[in-house]
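What follows is a set of notes on a single structure, which appears directly below.
Proteins get letters first, then strands, A, B, ... in listed order; numbering begins at 1 in each. Basis for what follows: all heavy atoms, side chains included, without hydrogens, waters or symmetry-related copies.
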Amino acid sequence: MMRSEFVIEGVKKFSIEQIAESGQAFRWEKDQNGGYTGVAFGKVINVIQEKDKVIIKGANKEDHQKIWKNYFDMDRDYGQLIKGLKGKDIHLDSAILFGEGIRILNQDLWEMIISFIISGNNNIPRIKKSIDIICEKYGDFIDEIDGKKYYSFPSPSQLSIATVDDLRKCGVGYRDAYIHKTTKVILEKQVDLDLIQNMNLEDARKELKKLTGVGDKVADCILLFSCKKTTAFPVDTWVKKILTTYYGLKKTSVKEVNKFAIEYFGEDCGIAQQYLFYYIRNQNL
DNA sequence: GTCCAGGCTCTTT
DNA sequence: AAAGAGCATGGA
């Protein structure tokens with residue numbers, strides 16, 4: 001099969017493996033060649049890496065300029081960022097050393113909303129499976145590669161066809177009603193996604209929490225992984241464990257934690273959170 | 001069988 | 001404002 005490819009040379013602080021396995025994106029899969037295949041913004045790409053050379057199969061220069069450059073957060077200097085985070089404590093230093101190829105992706109806002117509604121009180125393999133089913137049932141067929149069919153994440157309009165029972169059959173459990181309501185509210189623009197991108201963190205979080213199934217943690221994930229809000233500091237069960245055992249936090253209320261995070265880790269605390277999350281999740285597994 | 005997973009909503013203090 | 005119960009589902 002003839003597929004175009006785009007090569008980026010001299011890429012620092014970039015590991016497609018760490019990015020794909022870091023729990024911020026749910027549509028990346030390892031292939032036989034050590035590369036990763038992912039779906040985003042209606043396209044399928046395969047990424048393989050030879051040290052600081054990143055090869056994106058299924059993309060051309062125009063795609064890269066329009067989609068993937070921003071998706072992979074290529075305009076942020078992670079070397080500089082890491083310099084600013086290093087030397088604070090042994091835990092973060094270890095986490096950065098372990099996951100220095102992580103990047104915070106800039107994903108589709110709508111897709112992140114539904115994906116992280118599904119993530120609540122759930123585990124990553126099952127989140128992935130549910131999203132796969134949803135895409136296959138309600139998204140567009142994109143391509144077939146090595147015998148596997150790939151589908152886009154459905155638009156609000158496409159997903160609005162699904163009833164609550166239909167959604168239950170996608171394996172999302174009791175979150176079926178959350179997804180159903182949220183889809184309707186977004187489709188009717190009772191919550192306008194175009195406005196959220198430009199809001200400050202507080203306002204954006206408040207707006208997102210109007211959606212059923214979106215609380216503080218889910219809102220922070222959405223804003224960090226799709227809106228460049230690096231001051232968002234999502235606190236899940238893992239991060240809570242880190243904060244109480246390593247950073248001596250007794251109270252883990254959203255307000256307390258966010259205040260601590262910004263004061264201690266700085267304006268890019270959300271990215272620090274991601275290094276810590278990736279690190280602790282790979283310790284005992 | 002119990003416990004847990006990138007928590008939230010709803011109810012009760 | 002804060003704390004607790006209940007929630008689908010599958011894997012350990």
Rounded to whole angstrom units, what separation is found between the [atom1] atom of [X] and the [atom2] atom of [N]?
X	N	atom1	atom2	result
A:Lys129	B:dA5	NZ	C1'	14 Å
A:Lys209	B:dC8	NZ	C1'	11 Å
A:Arg205	B:dC8	CZ	C1'	16 Å
A:Ile113	B:dC8	CD1	C1'	16 Å
A:Ile117	C:dA8	CD1	P	16 Å
A:Asn121	B:dG6	CG	P	10 Å
A:Ile280	B:dA5	CD1	C1'	14 Å
A:Asn122	B:dC3	CG	C1'	15 Å

Which part of the nucleic acid, if any, lies within contact of [X], taking any heavy atom under 4.0 Å across all strands shown: a base, the sugar-phosphate backbone alone, or nothing?
X	result
A:Leu211	sugar-phosphate
A:Gly215	sugar-phosphate
A:Ser130	nothing
A:Asp176	nothing

* Asked: Which sits closer to the 5' end of DNA chain C, A:Arg168 or A:Ser253, going by the nucleotide each is nearest to?
  -> A:Ser253

* For DNA chain C, whose closest nucleotide is more 5', that of A:Val172 or that of A:Tyr178? -> A:Tyr178

On a whole-Å scale, what distance lies between the [atom1] atoms belonging to [N] and [M]?
N	M	atom1	answer
B:dC4	C:dA5	P	15 Å
B:dC3	C:dG6	P	15 Å
B:dG1	C:dG10	P	16 Å
B:dT2	C:dC7	P	15 Å
B:dC8	C:dG11	C1'	22 Å

* To do: Answer yes or no as to whether B:dG6 has its base stacked against A:Phe277, where stacking requires a ring-centre separation under 5.5 angstrom and planes under 30 degrees apart.
  => yes

* Tell me, please, which residues at least two apart from A:Val7 pass side chain to side chain contact (heavy atoms under 4.5 Å, CB included). => A:Glu5, A:Glu9, A:Lys53, A:Ile55

* Would you kindly compare A:Ile124 and A:Val214 by the position of their nearest DNA chain B nucleotide and give the one closer to the 5′ end? => A:Ile124

* 5' priority, DNA chain B, between A:Phe225 and A:Lys181 [closest heavy atom] -> A:Phe225

* Structure fact -> The complete set of salt bridge (Lys or Arg N to Asp or Glu O under 4.0 Å) pairs with one or both residues in residues 239-259 of chain A, sequence neighbours excluded, reads none

* To do: Applying side-chain hydrogen bond (donor to acceptor under 3.5 Å, both in side chains), run through A:Asn46 and A:Thr37 and close with a yes or a no.
  => CA-CA 4 Å; A:Asn46 177 266; A:Thr37 302; 2.9 Å; yes

* To do: Examine A:Lys69 relative to A:Phe72 and say whether NZ or CZ is less than 6.0 Å from the centre of the six-membered ring and inside a 45° cone about the ring axis.
  => no

* Are the ring centres of A:Tyr247 and A:Phe265 closer than 6.0 Å? -> yes

* Asked: Can you check whether A:Phe153 and A:Phe41 have ring centres sitting under 6.0 Å from each other?
  -> no

* To do: Kindly say if A:Arg126 contacts the phosphate of B:dA5, meaning a side-chain N or O under 4.0 Å from OP1 or OP2.
  => no

* Closest to the A:Val239 side chain, choosing from B:dG7, B:dG6, B:dT9 -> B:dG6

